[in-house]
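In what follows, every chain begins at residue 1, and chains take the letters A, B, ... in the order their sequences are listed. Side chains included, hydrogens not; waters and symmetry mates left out as well; all remaining heavy atoms used. Only a predicted model underlies this, so the values are computations on that prediction, with no experimental measurement involved.
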Amino acid sequence: MKEVLKLTNLSIIFGGLVAIDDLNLTVNDNEIVALIGPNGAGKTTCFNLITGIYKPTTGNIALNRQTIVGKRPDEITKLGIARTFQNIRLFSELSVFDNVLIADHLRVNDNVFTATTRLNFKQEKFMREQAEQLLEEQGLIHLKDEKAKNLPYGLQRKLEIARALATKPSLLLLDEPAAGMNPQETMELTSLIDNIRHKYNLSILVIEHHMDLIMNISDRIYVLNFGKLLKTGTPTEIQNDKDVISAYLGE
Amino acid sequence: MNNNVKIKNIRNLIISLILILATFAILSFLDSNSDEMGYAISIIERSLIFAVVAVSMNLVNGFTGLFSLGQAGFMAIGAYVTAIFTIPIAKRPSVYYINGINELIANIEIPIPVALILGGLVAAGFAALIGIPVLRLKSDYLAIATLGFAEIIRAIIASPMMDKITNGSYGLKGIPAFNNIYEVFILSFICISLMVLLINSSYGRAFMAIRENEIAAESVGINLFKMKELSFVISSFFTGVGGGMLAMFMRSIDSKTFQLSLTYDILLIVILGGIGSVSGSILGAFIITAGKELLRFFDEPLTIGGVNIPLFKPGLRMVVFSILLMLIVLFWNKGLMGGHEITYDNIGKFFKNLQSKLRLKQASNNKQTIKER
Ligand SMILES: Nc1ncnc2c1ncn2[C@@H]1O[C@H](COP(=O)(O)OP(=O)(O)OP(=O)(O)O)[C@@H](O)[C@H]1O
Ligand SMILES: [Mg+2]
């Protein structure tokens, strides 16, 4: 099995707080891996480390065996890691279409002059077609011209995933994608995640509190507590683990 | 392409042609009656020049979400570069008669379009240098840095050290004027069109993504520093060109032309027109420029019935303007256009809305009369 993402002895310290403490984690090709843990366990921090928003204090992050520590977030996206955010971060005043279209900019190889003078019209056309196709696939095409901020919450989450997919990632990081969704929407999301993994041949690392979703789709689970790895295993192993249960009940 | 879109395109083409013809009809009327219409022409020319600068301020402040206050500085650079290289060589001894002229520039005269572009490029070069350290910082240090920069440029221009180049505090005279209003119109049109094309390109979308959410923009692969720098440099280029145009319009400039109040005027235009709206900035440029002329009486002494009203003295106009600015920010913070553009479709919608509103009103009036009966 091919390792897509590998975190080795990863730590980050904020002031005195060890937010991630000596974490080892791997995501294999085409695998869905869940990262769970109580509030403040360090899950989002882990994503921020992988995407280059924070620099680790020690340890290594490798994408396809190449270290990505010290790279900027936009460089990391170009290398194939895309993400969504716990608090949705859309380009709110822009249209649904533009939100997705912007994510194509990273493949623009014209300079600003050819873009301004429209000498790149072929590429522009290609980008538009790609964005349109993606919206079609994600069932958002009818909302194309709607401002992102006017979408209902569940669709905003969906759009954020579509935007991440538009960067053509090999690894997708989802930070609590089901937060604020009703059971119906959560079910749809579950199948969506499983769907895109096959369709776009992705590896997915997902943070979630909805246990149904996690147990349904993940191949393996990592449990974080106070920045430390508490347990790792298959859904059934984790479900019945005493330590995990007590961590969640807050003993 | 479906039929509807085709019809719309043809319609837009026809409206565009009519608008172009109308514009040139107006311009040619003004131009052929330039003696009587001199005042109107100068207001329109000034408005066009300010429209260029306002749109370029909007590019960086409205579309990219940065906060630059260096407009006066970049305009000064463009204006001085244009002036220094276009004042006819024969005239120069009389312009620099007090301090003399630096030998290096004494005999270099370049064509006006080249000088305008050069002015823009020098302004862009300075912007690039300021941007490199400042735009890497997260917050709004850009406002402070550009504000300081504009004042430093002004001080340098006026300093005795620069006497032989900028003619120090005496300023430069004898700058060649535009031959007619067409030149001003076409130059402004080109500058603004280029910026509109940029805004609607994939680079423009990247700028707007940064304005909307920096972290999200980064997460879709946008290099924040590179795009901010690009936007700032391009904006400063056009601001410099606008400065050069202003120099040609005014024909004589000195360091006082480029005080902070100039930046303030442009900011007012951008805010009035609507942050993030090109058509708003153009509209704003015309309203503010014409409005300033109308408000000119505030600066002149006013006597009513033999009593001199003490408030009315030079400077009051700026007070009135500041109050206006505050009122807009407080009550109308999206400006005239509120981030929208004037497009044919939007105008159509506007009139349709108006029509249906009128109809509703009429309907309710009818109801009322029926009831009254
Ligand atoms: N930039 C920062 N500076 C200081 N402390 C931080 C920073 N970012 C996160 N932390 C701290 O690190 C710890 C882990 O936070 P994190 O957001 O990763 O938790 P989480 O597991 O995502 O929790 P939740 O389920 O609530 O989203 C928290 O105690 C948080 O306060
Ligand atoms: Mg979190």
Side-chain angles (χ1 to χ4, degrees), chain A residues 47-48 51-53 72-85 87-95 97-121 123-124 127-128 131 147-149 160 163-169 173, chain B residues 1 59 62-65 124 128 136 138 190-235 237-238 274-277 334 338-341 345-346 349:
Chain A
F47 273 20
N48 287 338
T51 54
I53 292 178
R72 284 193 316 267
D74 59 285
E75 292 174 323
I76 291 172
T77 307
K78 283 180 190 127
L79 289 173
I81 301 181
R83 74 175 289 185
T84 65
F85 298 89
N87 314 305
I88 302 177
R89 289 178 183 271
L90 288 170
F91 307 127
S92 344
E93 292 291 333
L94 305 183
S95 70
F97 185 61
D98 279 346
N99 266 269
V100 172
L101 189 56
I102 283 165
D104 260 322
H105 183 75
L106 83 174
R107 272 182 299 279
V108 167
N109 45 26
D110 312 280
N111 58 43
V112 67
F113 296 104
T114 52
T116 299
T117 50
R118 298 294 185 272
L119 291 171
N120 73 337
F121 66 96
Q123 177 156 38
E124 176 80 14
M127 290 198 299
R128 283 174 184 276
K147 267 190 189 180
K149 67 168 184 191
E160 216 192 11
R163 184 183 66 187
L165 289 174
T167 67
K168 300 219 162 84
L173 311 179
Chain B
M1 208 192 291
L59 174 65
F63 286 93
T64 319
R136 285 188 198 281
K138 289 264 173 204
I190 293 172
C191 290
I192 292 174
S193 303
L194 284 173
M195 285 187 272
V196 169
L197 283 169
L198 171 69
I199 287 166
N200 290 319
S201 76
S202 93
Y203 282 84
R205 289 193 296 268
F207 295 163
M208 285 186 263
I210 293 174
R211 173 193 72 192
E212 292 297 310
N213 196 318
E214 289 200 1
I215 291 178
E218 238 180 348
S219 87
V220 295
I222 291 168
N223 182 337
L224 293 184
F225 169 70
K226 194 173 141 198
M227 286 298 142
K228 287 179 180 176
E229 177 88 354
L230 193 65
S231 162
F232 182 50
V233 166
I234 293 175
S235 159
F237 171 82
F238 285 109
I275 289 178
S277 167
K334 290 198 160 169
H340 295 285
E341 295 294 349
D345 281 351
N346 285 346
K349 267 185 220 154

Engaged part of [X] at the chain B interface, taking heavy atoms whose separation is under 4.5 Å:
X	answer
A:Glu93	both
A:Ile76	neither
A:Thr51	neither

Select one option (side chain, backbone, both, neither) describing which atoms of B:Ile234 are under 4.5 Å from chain A's heavy atoms.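 Interface part for B:Ile234: side chain.
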
Please identify, among A:Val112, A:Thr167, A:Ile102, the residue contributing the most non-hydrogen atom pairs under 4.5 Å to chain B.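 Of the candidates given, the most pairs with chain B belong to A:Val112.
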
Counting heavy-atom pairs under 4.5 Å to chain B, which of A:Glu75, A:Arg163, A:Met127, A:Glu160 comes out on top?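 The candidate making the most pairs under 4.5 Å is A:Arg163.
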
Roughly how far, to the nearest 0.5 Å, is [atom2] of [Y] from [atom1] of [X]?
X	Y	atom1	atom2	result
B:Ile222	A:Lys78	CD1	NZ	9.0 Å
A:Ile88	B:Asn213	CD1	CG	11.5 Å
A:Thr116	B:Met195	OG1	CE	11.0 Å

Please report the closest heavy-atom contact between [X] and [Y], naming both atoms and the distance.
X	Y	value
A:Ala115	B:Ser201	O-CB, 3.7 Å
B:Ile215	A:Phe85	CG2-CE2, 3.5 Å
B:Ala216	A:Phe91	CB-CE2, 3.7 Å

For B:Leu197, is there any backbone N or O sitting under 3.5 Å from a side-chain donor or acceptor partner on A:Arg118?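 Side chain of A:Arg118 to backbone of B:Leu197, a donor-acceptor pair under 3.5 Å: yes, one is there.
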
Where the side chain of B:Glu218 meets the backbone of A:Asp74, is there a donor-acceptor pair that is under 3.5 Å apart?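 Flag not set: sc B:Glu218 to bb A:Asp74 has no pair under 3.5 Å.
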
Regarding A:Glu124 and B:Arg205, does a basic nitrogen lie under 4.0 Å from an acidic carboxylate oxygen?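 Yes, this pair counts.
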
Take B:Leu194 and A:Phe113, measure what side-chain contact (heavy atoms from CB on, under 4.5 Å) needs, and give me the verdict at the end. CA-CA 10 Å; B:Leu194 284 173; A:Phe113 296 104; over 6 Å; no

So which of B:Ile199, B:Leu230, B:Val220 has the biggest tally of heavy-atom pairs under 4.5 Å with chain A?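 Answer, by heavy-atom pair count under 4.5 Å with chain A: B:Val220.
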
Can you tell which of B:Asn200, B:Leu198, B:Asn223 has the highest number of heavy-atom pairs within less than 4.5 Å of chain A?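 Most pairs with chain A among the choices: B:Asn223.
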
Is it the case that atom CZ in B:Phe225 sees more than 12 heavy atoms from other parts of the structure closer than 6.0 Å?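 Correct, the count exceeds 12.
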
Is any side-chain heavy atom of B:Arg211 closer than 4.5 Å to one of A:Leu94?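 Yes - at least one pair of side-chain heavy atoms lies under 4.5 Å apart.
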
